[in-house]
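Counting starts at 1 for both ligands and their atoms, in listed order. The analysis underlying the following values was restricted to heavy atoms, covering all of them including side chains, and did not include hydrogens, waters or symmetry mates. Only a predicted model underlies this, so the values are computations on that prediction, with no experimental measurement involved.
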Amino acid sequence: MADTKRPTRSARIVVIGLGRFGSSLARELARGGYEVLGIDADPRRVQSLADDLSHAAVADSTDEEALRQLDIPDYDRAVVAIGSNLEASILTTSLLVDLGSPVIWAKALNQQQGRILQRIGAHHVVLPEHDMGERVAHLVTGRLLDFIQFEDDYAIAKTIAPREAGGLPLGQSRLRSKYGVTVVGIKRPGEGFTYATAETVVQPGDVLILAGRTTAVERVADLD
Ligand code: ATP
């Protein structure tokens, strides 16, 4: 389920586990202007991020007292970015639930771990490798240049304009009436992206940003 509350820049976020996933997440949040506390049991991991984050601490996140001392329940959002260490992932998440962390995101390596984390009270579970595998599957065919799938089977994709869409203003092309996709933006070779309107005439070689149901977007991307 998506978090519908838009976080303010003043939101304080704790990232527990500074492996590849956690460290890149924590750095990105800090770059975005958020106050970020990064925690890891490994002092080298903490040291390597200390300059990039607002705060960084060496601690065992399965130790309730350590979490209390770091005021973890006061953080607006907590991310458990521990994956392979299943025991630590489960214990940390359940401690955060018990301590009353308001919004908990947890990373899982597979669906089974994801289900457990959800059951013990994580509000959001992400499966980065599983999700990235699905995303890359859409890209490897070369038809889709980029692809984002949202919940309830809705997607936005970047693709080369199919021949069928060329030469006609979008208002008259069959992309929407036949395939049910909306062209949101368009990029001509050598130019930047612009919004598409009903009058926009698509040319061969144009790059389109399409929005619509995943299967519909895939169908259009598969057209010659
Ligand atoms: P990656 O994000 O690199 O793919 P991963 O999914 O393999 O990581 P782990 O290696 O299990 O996950 O953990 C990620 C990080 O979490 C590591 O840096 C590890 O030191 C840290 N970590 C694991 N257990 C704990 C714990 N109990 N307390 C604090 N940090 C921990």
Next item on the list: Start with the C-alpha gap between Val103 and Asp76, add the side-chain angles, then the distance that decides, and say whether side chain to side chain contact (heavy atoms under 4.5 Å, CB included) holds.
Entry: CA-CA 7 Å; Val103 180; Asp76 304 299; over 6 Å; no

Does [Y] offer a backbone N or O that forms a donor-acceptor pair with the side chain of [X] under 3.5 Å?
{"X": "His130", "Y": "Asn110", "answer": "no"}
{"X": "Arg45", "Y": "Gly17", "answer": "no"}
{"X": "Gln172", "Y": "Leu168", "answer": "no"}
{"X": "Thr62", "Y": "Ala88", "answer": "no"}

What protein heavy atom is closest to [atom], reported as residue, atom name and distance in Å?
{"atom": "atom 17 (C) of ligand 1", "answer": "Arg45 NH1, 3.2 Å"}
{"atom": "atom 6 (O) of ligand 1", "answer": "Lys107 NZ, 2.7 Å"}
{"atom": "atom 16 (O) of ligand 1", "answer": "Gly17 CA, 3.2 Å"}
{"atom": "atom 30 (N) of ligand 1", "answer": "Ala41 N, 3.1 Å"}
{"atom": "atom 28 (N) of ligand 1", "answer": "Ser61 N, 2.9 Å"}
{"atom": "atom 12 (O) of ligand 1", "answer": "Gly83 N, 3.0 Å"}
{"atom": "atom 5 (P) of ligand 1", "answer": "Ser84 OG, 3.3 Å"}
{"atom": "atom 3 (O) of ligand 1", "answer": "Arg20 N, 2.7 Å"}

Notebook entry, point to check: Ala81 heavy atoms, cut-off 4.0 Å: which ligand 1 atoms fall inside?
Noted result: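 So the atoms of ligand 1 that pass are 14 (C).
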
Margin query: Within the 4.0 Å heavy-atom shell around Ala88, which atoms of ligand 1 are there?
Written below: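 Ligand 1 atoms under the 4.0 Å threshold to Ala88: 24 (N), 27 (N).
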
Notebook entry, point to check: Just going by heavy-atom distances, which of Asp63, Leu109, Asn85 is nearest to atom 11 (O) of ligand 1?
Noted result: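 Looking at heavy atoms only, the winner is Asn85.
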
Check: Which one of Asp40, Val15, Ile82 has a non-hydrogen atom at the shortest distance from atom 15 (C) of ligand 1?
Finding: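 Checking each option, the heavy atom nearest atom 15 (C) of ligand 1 is found in Asp40.
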
Notebook entry, point to check: Could a heavy atom of Pro128 be found less than 4.0 Å from some atom of ligand 1?
Noted result: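 No, that is not the case, since the closest heavy atom of the residue is not under 4.0 Å from the ligand.
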
Item checked: Part of Thr92 with heavy atoms under 4.0 Å of ligand 1, whether side chain, backbone, both or neither ->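 Contact part for Thr92 vs ligand 1: neither.
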
Note to self: For Ser89, which part has a heavy atom under 4.0 Å from ligand 1: side chain, backbone, both, or neither?
What the structure shows: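 No part of Ser89 comes within reach of ligand 1.
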
Is [X] close to ligand 1, meaning an N/O of one under 3.5 Å from an N/O of the other?
{"X": "Phe21", "value": "yes"}
{"X": "Ile16", "value": "no"}
{"X": "Gly22", "value": "no"}

What I want to find out is whether [X] reaches [Y] closely enough, with some N-O distance under 4.0 Å, to be called a salt bridge.
{"X": "Glu191", "Y": "Lys187", "answer": "no"}
{"X": "Arg27", "Y": "Asp51", "answer": "no"}
{"X": "Arg135", "Y": "Asp146", "answer": "yes"}

Next item on the list: Have a look at Leu170 and tell me which of Val201, Val202, Thr197 forms a side-chain contact (heavy atoms from CB on, under 4.5 Å) with it.
Entry: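 One option only clears the test, and that one is Val202.
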
Next item on the list: Would you check if there is a donor-acceptor pair between the side chains of Gln149 and Thr214 at a distance under 3.5 Å?
Entry: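 Gln149 and Thr214 do have a side-chain donor-acceptor pair below 3.5 Å.
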
Notebook entry, point to check: Is there a path of hydrophobic side-chain contacts, each under 4.5 Å between heavy atoms of I, L, V, M, F, W or Y residues, that connects Val125 with Ile116?
Noted result: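 Looking at the clustering, Ile116 is in the same group as Val125.
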
